[in-house]
Amino acid sequence: MTDTNIDPQTSAFENEASFGDYIALLKPRVMSLVVFTALVGLVVAPVPVHPFVAAVSILFIAIGGGASGALNMWYDSDIDTIMKRTKGRPIPAGKITRGEAFGFGIALSAFACVLLGLASNFVAAGLLAFTIFFYAVVYTIWLKRSTPQNIVIGGAAGAFPPMIGWAVATGGVSVESVLLFMIIFMWTPPHFWALALFMNDDYTKAGVPMLPVTHGRRATRNHIFGYTLALAPFALGAAFTSIGGLFYLVVSVALNAWFIIGAYGLWRRADDAAADDNYKDERKFFKFSLLYLFLHFGALLVEAALKSNDLYGAITWP
């Protein structure tokens, strides 16, 4: 029997966006990585920053990162509806319209860039504006659906935050900030290709030309191994700059050895074996890649603390 007493306004109210839906639009998991790496770039820079300026700068960088996420969800809402991993996002779920997401993203972008410029300097603000543009336009609109190298080039968007943090402190760019950029830039392809290996069906249905879709799993594993090897010199190289040191070097050697061994294990796997165990090793490699990046940047924070307190004592490090 149909209940004729259902209030249509109540049904409409259930579909209204909540505060949490707007937070979800900002991709908080991605934003947390943006905040952390930007904070590291700011803290390890050689110029001290007033705590209040540092706090508001990180806040505006976080808002800018969230704005990028909103614009990404605005453009990708059609494929988000198809993919299992993304169909619960606010736009496919009917909580927020595409127009609302677009307006929200544009407004937050302008707000974050202008206020970051006023709070710190306009070099940092310009880098933030370019990062938002790169992620929303270059990666999301242009590269993502047009080339299997989407994540290679587009990964630059996620690599800029530590450079922005460094620029907040110094007002410029240096070898150290470029190395921080390169660590994330080279880390991004093996990280996302590992995800693409066990989410291949989703990308195939959505028509996104991720490397496993266009070139197969074997080629993807080859690329993961190659990029993991190429990443190591940049990660280890940071130890021999002003932001590195003995502690960071030990951590980086261990992490890169572990990462390379994991990538080699993926490279050796047969497709049938991977499918039989639901891509267990691919999932483990993906999860470890997150730990790899976090521990590298965490080690740089420890180095900054050791140097600021002169805990190395008589140890001389270049």
Side-chain angles (χ1 to χ4, degrees), residues 19 22-23 25-75 99-143 153-185 188 241-243 297 300-301 304:
F19 178 73
Y22 281 97
I23 294 298
L25 199 66
L26 303 180
K27 292 191 172 183
R29 289 184 180 179
V30 176
M31 187 194 294
S32 64
L33 182 61
V34 168
V35 168
F36 178 62
T37 57
L39 178 64
V40 172
L42 189 154
V43 170
V44 303
V47 180
V49 181
H50 189 281
F52 178 76
V53 174
V56 296
S57 296
I58 293 299
L59 173 62
F60 297 140
I61 293 170
I63 292 172
S68 299
L71 293 172
N72 172 268
M73 288 199 193
W74 155 71
Y75 191 79
E100 289 170 340
F102 179 76
F104 189 54
I106 292 294
L108 288 183
S109 297
F111 174 82
C113 294
V114 170
L115 290 188
L116 180 62
L118 295 174
S120 59
N121 59 75
F122 284 97
V123 173
L127 284 171
L128 178 61
F130 182 73
T131 301
I132 296 170
F133 170 81
F134 199 94
Y135 186 68
V137 178
V138 177
Y139 170 66
T140 302
I141 296 177
W142 177 31
L143 295 172
I153 307 168
F160 279 115
M163 291 188 75
I164 301 171
W166 183 278
V168 166
T170 66
V173 175
S174 70
V175 171
E176 290 86 352
S177 68
V178 171
L179 269 176
L180 295 177
F181 171 93
M182 288 303 300
I183 291 170
I184 301 177
F185 182 72
T188 301
T241 67
S242 65
I243 61 175
F297 278 76
L300 290 171
L301 287 180

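Here the structure is a predicted model, which means the values were calculated and not measured. Throughout, numbering of the chain's residues begins at 1 and tracks the sequence. Side-chain atoms are counted along with the backbone in the values below, which use heavy atoms only and exclude waters and symmetry mates.
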Locate the shortest heavy-atom distance separating [X] from [Y]; write the atom from each residue and the value.
| X | Y | answer |
| --- | --- | --- |
| Ala119 | Ser57 | CB-OG, 4.4 Å |
| Ala62 | Val35 | CB-CG2, 3.4 Å |
| Ala304 | Val43 | CB-CG1, 4.3 Å |
| Ile106 | Leu71 | N-CD2, 4.0 Å |
| Gly154 | Tyr139 | CA-CD1, 3.7 Å |
| Ala67 | Ser109 | CB-OG, 3.3 Å |

Within the structure provided, determine whether [X] and [Y] are in side-chain contact (heavy-atom separation under 4.5 Å).
| X | Y | result |
| --- | --- | --- |
| Phe297 | Leu39 | no |
| Val40 | Pro162 | no |
| Thr131 | Val34 | no |
| Ile153 | Phe134 | yes |
| Val44 | Glu176 | no |
| Phe60 | Phe111 | yes |

Item to check | Leu116 vs Val168, side-chain contact (heavy atoms from CB on, under 4.5 Å): CA-CA, chis, key distance, verdict | outcome: CA-CA 9 Å; Leu116 180 62; Val168 166; 4.2 Å; yes
Next on the checklist: Tell me whether the rings of Phe160 and Phe181 are parallel (<30°), tilted (30 to 60°) or perpendicular (>60°).
Outcome noted: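 Taking Phe181 first and then Phe160, their aromatic rings sit tilted (interplane angle of 30° to 60°).
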Item to check | Geometric class of the Phe133/Phe130 ring pair [parallel <30°, tilted 30-60°, perpendicular >60°] | outcome: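 Phe130 vs Phe133 ring planes: tilted.
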Return the [atom1] to [atom2] distance between [X] and [Y], rounded to the nearest 0.5 Å.
| X | Y | atom1 | atom2 | value |
| --- | --- | --- | --- | --- |
| Leu127 | Met163 | CG | CE | 6.0 Å |
| Ile243 | Ser177 | CD1 | OG | 8.5 Å |
| Lys27 | Tyr135 | NZ | OH | 3.0 Å |
| Ile184 | Leu179 | CD1 | CG | 11.5 Å |
| Tyr22 | Leu108 | OH | CG | 11.0 Å |

Next on the checklist: Test side-chain contact (heavy atoms from CB on, under 4.5 Å) on Ile61 and Leu42; report intermediate values, then the result.
Outcome noted: CA-CA 11 Å; Ile61 293 170; Leu42 189 154; 6.0 Å; no
Next on the checklist: Walk me through whether Leu115 and Ile63 qualify under side-chain contact (heavy atoms from CB on, under 4.5 Å).
Outcome noted: CA-CA 11 Å; Leu115 290 188; Ile63 292 172; over 6 Å; no
Checklist entry - Any donor-acceptor pair under 3.5 Å linking the side chain of Thr37 with the backbone of Leu33? => result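 Yes, Thr37 side chain to Leu33 backbone: donor-acceptor pair under 3.5 Å.
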